[in-house]
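Here is the structure we will look at.
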Amino acid sequence: MNPSAEAPSPTPSDFIRDVVAADVQAQRYPKIITRFPPEPNGYLHIGHAKSICLNFGIAREFGGTCHLRMDDTNPTKEDVEYVDSIQADVNWLISGFANDHLGLKPKGKKPETQTVNGKTDFHLGAVPVGTPEVEPFYASDYFDQIYQYAVALIRLGKAYVCDMTPEQTDEYRRLGKASPFRDRSIEENLDLFERMKAGEFADGTHTLRAKITVDAPNIWLRDPLIYRIRHAEHHHTGAKWCIYPMYDFAHCLEDYIEGITHSICTLEFEVHRPLYDWILEALELPRPLPHQYEFARLSLSYTVMSKRKLMQLVREGYVSGWDDPRMPTISGIRRRGVPARALRDFAYNIGITKYDGLTEVGVLDHAIRDDLNHVAHRKLAVLRPIKVVLTNLDENYAEELDAVNNPEDPNAGTRKVPFTRELYIESEDFREVPPPKYFRLRPGGEVRLKYGYIIKCEEVVKDAEGNIAELRCTVDLTTKRGGPNEGRKVKGTIHWVSAKHAIDAEVRLYDRLFTVPEPDAEGDFKAHLNPNSLEVITAKCEPSLAQATPEERYQFERLAYFALDKESAPGKLVFNRTITLKDTWAKEAKK
Ligand code: ATP
Ligand code: MG
């Protein structure tokens with residue numbers, strides 16, 4: 001549960017891995033091949049991360065490969081922007097963990113036709129070692145083969161062209177009635193399907209349907225559509241096709257062509273599984289068949305997960321883009337500063353089950369804090385400064401104090417922080433009229449400065465409007481570590497920075513995007529957007545943060561974890577708050 005920076009991720013066990021282990025034991029396949037098949041119509045979200053960790057995790061644990069496949073059989077507007085972002089997100093999430101098991105193919109490689117036991121078969125073939133240029137698999141690369149499989153199904157008398165409208169077809173299937181076109185001859189079906197392909201018919205006038213059953217209890221088996229006419233351009237194949245395979249027909253054949261062994265998807269496809277098996281078996285295919293397994297999709301509290309809704313947030317300007325750090329997208333989570341390892345640990349911790357449920361976002365937060373606690377360098381930064389003047393020091397007093405970089409990591413070492421007569425402290429760390437149990441600074445009270453001395457507040461100086469202008473304090477220089485009074489105890493320790501040395505940074509304080517656990521439970525999910533999900537302030541930071549890098553993670557002591565944003569530039573630091581140190585929402589819930 002507490003992997004240090006170097007510890008390998010844990011190896012989980014669940015019912016799908018049990019199946020794979022049994023198949024490996026029985027030597028059912030020469031190699032385990034899984035796939036992650038996103039539709040390139042949006043950015044990947046944390047639900048996809050669960051699927052990626054499962055599929056690449058299995059490939060890694062069992063010495064197999066996981067194909068990254070663009071599931072682009074829909075002739076809708078799919079975009080290269082999405083294809084690129086999907087690749088980037090997958091690479092980031094699995095880098096150093098399973099990238100040896102990332103299945104890509106030589107650029108431009110198409111399925112090969114081979115003859116197995118006297119049967120024509122399509123197979124993508126082995127990927128040559130050392131292939132210079134690789135790309136993901138594309139489902140649309142198999143349109144020719146999928147078409148030929150459809151023709152084969154017609155020849156076997158197991159598919160027919162139906163002339164009913166989509167509405168009539170739905171109605172007949174619902175009622176369990178046979179289509180009047182069900183008993184067309186094979187020749188007529190072949191001819192009509194050929195003409196469908198040639199573009200002779202308008203959208204919606206004809207479909208190709210599998211001839212399975214008219215009235216099975218499972219409605220998906222009632223002569224399902226396997227091809228429909230769509231006179232639409234496809235982003236990969238252009239105007240070549242005006243008929244497109246339906247998901248159920250295409251997906252199992254894509255799996256078969258690629259030699260997938262375990263095709264893992266979410267629970268809503270469970271009712272489609274008999275169809276998945278029927279198609280592959282009906283075609284009497286010569287190679288080992290893939291099998292489908294289903295698990296519960298991830299739903300996370302305080303966010304929405306469907307690409308359609310995330311798209312709305314982007315298009316309507318509720319967030320700055322798909323990678324806005326408040327978004328549940330992988331790119332947003334990454335930009336917020338969450339390490340890939342934390343996301344993988346989260347995916348492992350929630351486990352793989354067969355029951356849908358809502359996962360508390362607190363589980364994700366815990367994984368992030370746990371990881372960052374081990375890797376983040378501690379820094380001193382003041383988000384809402386008030387000035388402290390140490391009146392018993394010289395104007396030019398200057399000293400460097402030793403600060404520990406990471407108490408969780410003895411190898412992280414120490415650094416120097418400048419200490420001078422004028423400091424900034426957090427305005428929250430001073431109360432003129434302190435509430436009970438307030439152990440920080442108050443008039444006449446004492447507090448210890450982190451890595452430094454005990455100071456005492458002697459005087460509160462106000463401006464003309466009555467706001468606090470500065471706190472005039474005295475410092476006890478005997479209380480430093482190694483000093484004669486280092487052991488003198490005061491109840492509070494606060495963070496601070498030297499006013500003269502402090503550097504300014506823009507700090508973006510992100511919070512949950514929604515105020516309720518299930519924003520899409522009822523009504524318009526956008527009505528539950530958190531109006532305070534982003535606050536931008538200018539913080540005073542210790543000077544070493546001028547060397548901050550995008551790879552490092554920082555804990556601003558006593559505040560939160562931060563990471564440099566991509567909009568940062570030399571001389572203009574921008575930090576994103578990844579997560580607070582404690583769960584501030586737990587307090588809210590108790591109020
Ligand atoms: P959405 O409904 O958010 O648009 P989708 O299911 O249409 O998602 P795909 O691109 O088709 O998105 O999904 C690719 C893979 O990721 C599929 O195998 C799907 O089962 C899986 N997946 C999608 N959403 C989740 C989720 N919330 N939890 C786990 N796996 C998911
Ligand atoms: Mg989908």
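Given the structure is predicted, the values throughout are model-derived calculations rather than measurements. Both ligands and their constituent atoms are indexed starting at 1 by order of listing.
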Query raised in the report: What do you reckon, are the aromatic ring centroids of Phe122 and Tyr149 less than 6.0 Å apart?
Result: yes
Query raised in the report: Based purely on interatomic distance, does Lys50 place a nitrogen or oxygen under 3.5 Å from a nitrogen or oxygen of ligand 1?
Result: no
Report task. Mind telling me whether Phe514 and Phe525 have parallel, tilted or perpendicular rings, with 30° and 60° as the class edges? Result -> tilted
Query raised in the report: Can an N or O of Arg35 be found at a distance shorter than 3.5 Å from an N or O of ligand 1?
Result: no
**Report entry** Which of the ligand 1 atoms, numbered from 1, are nearer than 4.0 Å to a heavy atom of Pro38
**Finding:** 10 (O), 14 (C)
Report task. Could you tell me how the ring of Tyr227 sits relative to the ring of Tyr147: parallel (under 30°), tilted (30 to 60°) or perpendicular (over 60°)? Result -> perpendicular
**Report entry** Nearest candidate to atom 5 (P) of ligand 1, where distance is taken over non-hydrogen atoms, out of Met311, Glu39, His48
**Finding:** His48
**Report entry** Polar contact flag, side-chain donor to acceptor under 3.5 angstrom, Tyr160-Asp223
**Finding:** yes
Query - Ligand-side contact atoms (ligand 1) for residue partner Thr266, heavy atom cut-off under 4.0 Å - result: 20 (O), 29 (C), 30 (N), 31 (C)
Query - Lys582, NZ atom: more than 12 neighbouring heavy atoms under 6.0 Å - result: no
Report task. Say whether Arg308 and ligand 1 are in contact under the criterion: heavy-atom distance to a ligand atom below 4.0 Å. Result -> no
Report task. Ignoring angles and geometry beyond distance, decide whether Leu298 reaches within less than 3.5 Å of ligand 1 through its nitrogen or oxygen atoms. Result -> yes
Query raised in the report: So does Gln27 have more than 12 non-hydrogen atoms from other groups sitting under 6.0 Å from CD?
Result: no
Query raised in the report: Where on Ser299 is there a heavy atom closer than 4.0 Å to ligand 1, on the side chain, on the backbone, on both, or on neither?
Result: neither
Query raised in the report: Hey, does Phe36 sit under 4.0 Å from ligand 1 if you only count heavy atoms?
Result: yes
Query raised in the report: Angle class for the Phe143/Tyr244 ring planes (parallel below 30°, perpendicular above 60°, tilted otherwise)?
Result: perpendicular
Requested in this report: Would you please say whether a donor-acceptor pair under 3.5 Å links the side chains of His262 and Arg17?
Outcome: no
**Report entry** Contact check, side chains of His528 and Glu518, non-hydrogen atoms, under 4.5 Å
**Finding:** no
**Report entry** Where ligand 1 meets Lys307 - atom numbers and elements under 4.0 angstrom, heavy-atom basis
**Finding:** 1 (P), 3 (O), 4 (O), 8 (O), 9 (P), 10 (O), 12 (O)
Report task. Could you tell me whether some N/O pair between Ser306 and ligand 1 is separated by less than 3.5 angstrom? Result -> no
Query raised in the report: For ligand 1, which atoms sit closer than 4.0 Å to a heavy atom of Met305?
Result: 3 (O)
Query - ligand 1 N/O within reach of His45 N/O, cut-off under 3.5 Å - result: yes
